[in-house]
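In the text below, chain A, chain B and the rest are named by the order of the sequence lines, each starting its count at 1. Predicted model, so just to flag it, every value in this text is computed and none were measured.
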Protein chains: 2
Amino acid sequence: MSQTLPEFDLDGYVPFRFAVVAHQLSRDLAIRYKDRFGISITEWRVLVNIGYSGDVSIRDIERRVSLEKSKVSRAASRLEAAGYLSKCVDESDRRLIKLALTEKGTTLLAEIVPIAQAYQAEVEALLGDKFEMLQELLGTLMDRAR
Amino acid sequence: MSQTLPEFDLDGYVPFRFAVVAHQLSRDLAIRYKDRFGISITEWRVLVNIGYSGDVSIRDIERRVSLEKSKVSRAASRLEAAGYLSKCVDESDRRLIKLALTEKGTTLLAEIVPIAQAYQAEVEALLGDKFEMLQELLGTLMDRAR
DNA sequence: TTGACATCGTTGCATTTGCAACGACACACT
DNA sequence: AGTGTGTCGTTGCAAATGCAACGATGTCAA
């Protein structure tokens with residue numbers, strides 16, 4: 001009749017907990033951006049990456065930010081349409097497309113970065129002296145991939 | 001001409017890091033399920049919740065697992081179609097729908113739970129004695145909501 | 001040079017997602 | 001009973017997503 005299930009504690013299951021926390025953080029952040037600047041999280045990541053990185057091809061962003069290249073490509077197109085960045089062919093390798101912030105994009109980024117920092121400060125305050133430990137753990141987990 | 005951006009380190013930005021790690025964990029897990037059992041992560045969460053919880057309405061799952069109710073509803077429908085669970089109206093409150101595993105569903109769950117546990121064991125082994133600290137931190141962050 | 005093979009960015013397509021309705025039902029108050 | 005308000009699960013729809021092509025370009029060896 002009724003079979004017995006092995007012991008299992010979903011509430012303590014790490015992949016699940018990560019999903020919940022990550023979703024929560026993303027959502028909180030999205031709310032602060034979307035309404036005010038019309039920028040999605042994905043677009044935000046691309047924007048930041050371009051602003052703070054030397055490498056700026058789609059492929060580079062894909063690697064550095066763990067985003068599907070199609071996701072990056074579409075985000076870049078939306079950002080270009082909105083006037084925040086420009087695309088131009090890399091003459092040393094014509095397969096590559098160099099992305100660069102426009103002045104408008106730089107202005108936007110300068111506005112929204114402090115918001116992101118303030119949010120991280122909240123998290124930091126919540127965790128207190130354990131914040132550094134969290135960063136260390138996240139580092140270990142991120143390195144795990146491949 | 002070119003404006004200056006405030007200092008910012010994307011690689012150390014917690015919401016970003018959480019997103020990457022969570023996506024990675026979900027993906028790893030999805031691979032182990034999807035191919036072998038045809039079950040998505042969302043469906044897996046619903047399944048586990050029904051199997052290990054007393055409360056089994058859609059609304060209950062929404063609350064306990066941080067899933068949109070439409071997501072739960074659709075996952076439940078798919079699982080029902082696949083014969084893993086049954087729906088029936090709660091006679092004490094006819095707005096509610098009680099979800100229950102079928103025997104087939106219980107069998108499936110008994111098969112896949114050990115896989116999930118083995119995966120968590122990998123993570124635990126990677127983190128060693130810091131695993132408990134991670135759990136504590138995740139707990140703090142999960143409580144933060146609302 | 002030619003040809004085989006890899007890489008880049010884009011796009012088509014099916015699926016999933018989030019959000020806002022919606023109908024059905026519950027409850028409180030009159 | 002009737003009315004208003006709230007909650008439940010479902011569904012429609014637009015947007016986002018993942019994945020597999022695809023054309024264009026680069027690389028390297030014959």
Side-chain angles (χ1 to χ4, degrees), chain A residues 19-20 22-31 33-35 38-46 49-50 55-82 85-100, chain B residues 19-20 22-31 33-35 38-46 49-50 55-82 85-100:
Chain A
V20 172
H23 184 261
Q24 204 177 89
L25 293 173
S26 280
R27 207 168 166 289
D28 281 0
L29 218 39
I31 288 171
Y33 288 137
K34 194 78 182 183
D35 298 336
I39 292 295
S40 75
I41 291 284
T42 301
E43 285 154 12
W44 177 82
R45 278 203 222 174
V46 170
N49 210 276
I50 298 172
D55 301 312
V56 284
S57 76
I58 301 254
R59 180 67 176 172
D60 289 327
I61 296 181
E62 178 187 13
R63 292 223 177 85
R64 300 181 96 266
V65 203
S66 300
L67 282 179
E68 284 282 319
K69 63 180 176 178
S70 61
K71 230 173 153 181
V72 178
S73 173
R74 288 192 244 248
S77 294
R78 286 192 297 263
L79 291 169
E80 186 192 25
L85 63 81
S86 62
K87 299 179 182 179
C88 82
V89 174
D90 183 334
E91 289 304 329
S92 71
D93 182 344
R94 299 181 51 78
R95 291 171 304 177
L96 302 180
I97 292 194
K98 289 188 289 185
L99 302 177
Chain B
V20 171
H23 184 261
Q24 203 176 90
L25 293 173
S26 280
R27 208 168 164 290
D28 282 359
L29 218 40
I31 289 171
Y33 288 138
K34 195 77 183 183
D35 298 336
I39 293 295
S40 76
I41 290 285
T42 301
E43 286 155 11
W44 177 83
R45 278 204 221 172
V46 171
N49 211 275
I50 298 173
D55 302 313
V56 282
S57 76
I58 301 256
R59 179 67 176 173
D60 290 326
I61 296 180
E62 179 187 11
R63 293 222 177 86
R64 300 183 90 264
V65 203
S66 300
L67 283 178
E68 283 284 317
K69 62 181 177 176
S70 61
K71 230 173 152 181
V72 178
S73 174
R74 288 191 245 247
S77 295
R78 285 192 297 263
L79 291 169
E80 187 192 24
L85 64 82
S86 62
K87 299 180 181 179
C88 81
V89 176
D90 184 333
E91 288 305 327
S92 70
D93 182 343
R94 298 181 52 78
R95 291 171 305 178
L96 302 180
I97 291 192
K98 290 188 290 186
L99 302 177

Asker: Show the nearest heavy-atom pair for residues Leu99(A) and Ala76(A), with the distance to one decimal.
Answerer: CD1-CB, 4.2 Å
Asker: Which nucleotide in the set dG18(D), dG9(C), dG9(D) lies at the smallest distance from any side-chain heavy atom of Ile97(A)?
Answerer: dG9(C)
Asker: Of the nucleotides dG18(C), dC8(C), dG9(D), which has the atom closest to the Leu96(A) side chain?
Answerer: dC8(C)
Asker: State, to 0.1 Å, how close Glu62(B) and Glu68(B) come at their nearest heavy-atom pair, and which atoms those are.
Answerer: CG-C, 4.3 Å
Asker: Give the nucleotide from the list dT16(C), dT10(C), dT11(D) with an atom nearest to the side chain of Lys87(A).
Answerer: dT10(C)
Asker: Can you give me the N/O atom pairs linking the protein to nucleotides 20-25 of chain D at distances under 3.5 Å, or say none if there are none?
Answerer:
none

Asker: If I take atom CG in residue Leu99(B) and atom P in nucleotide dC8(D), what distance separates them, rounded to the nearest angstrom?
Answerer: 14 Å
Asker: Do any side-chain nitrogens or oxygens of His23(B) fall under 4.0 Å of OP1 or OP2 in dT17(D)?
Answerer: no
Asker: What is the separation between atom CD1 on Ile58(A) and atom P on dT11(C), rounded to the nearest whole Å?
Answerer: 11 Å
Asker: For a quick test of reading the model: is some side-chain N or O of Ser57(A) closer than 4.0 Å to OP1 or OP2 of dG9(C)?
Answerer: yes
Asker: Please tell me if Ser77(A) has a side-chain N or O lying less than 4.0 Å from either OP1 or OP2 of dG9(C).
Answerer: no
Asker: Figure out the CD1/C1' separation between Ile41(B) and dT15(C), and round it to whole Å.
Answerer: 16 Å
Asker: In whole angstrom, what separates Glu68(B)'s CD from dA15(D)'s P?
Answerer: 18 Å
Asker: Atom CZ of Arg27(A) and atom P of dT17(C): how far apart are they, to the nearest Å?
Answerer: 15 Å
Asker: Taking 4.0 angstrom as the limit, do Lys87(B) and Glu80(B) come out as a salt bridge?
Answerer: yes
Asker: Asp35(B) has an atom CG; how far is it from atom P of dC19(D), in whole Å?
Answerer: 11 Å
Asker: When the distance from CG of Leu67(B) to C1' of dT16(C) is rounded to whole Å, what number comes out?
Answerer: 13 Å
Asker: Can you name the closest pair of heavy atoms from Tyr33(B) and Ile39(B) and give their distance?
Answerer: CB-O, 3.5 Å
Asker: Please report the closest heavy-atom contact between Ser66(A) and Arg45(A), naming both atoms and the distance.
Answerer: O-NH1, 4.3 Å
Asker: Name all residues meeting the side chain to side chain donor-acceptor pair (under 3.5 Å) criterion together with Arg94(B); count only those two or more places apart in sequence or in a different chain, and write none if there are none.
Answerer: Glu91(B)
Asker: Taking for each residue the nucleotide of DNA chain D bearing the nearest heavy atom, is the 5' side occupied by Arg74(B) or by Lys71(A)?
Answerer: Arg74(B)
Asker: Check for a donor-acceptor pair, side chain of Ser77(B) on one end and backbone N or O of Ser73(B) on the other, with a separation under 3.5 Å.
Answerer: yes
Asker: Mind calculating the distance between CG (Leu79(B)) and P (dT10(D)) to the nearest angstrom?
Answerer: 12 Å
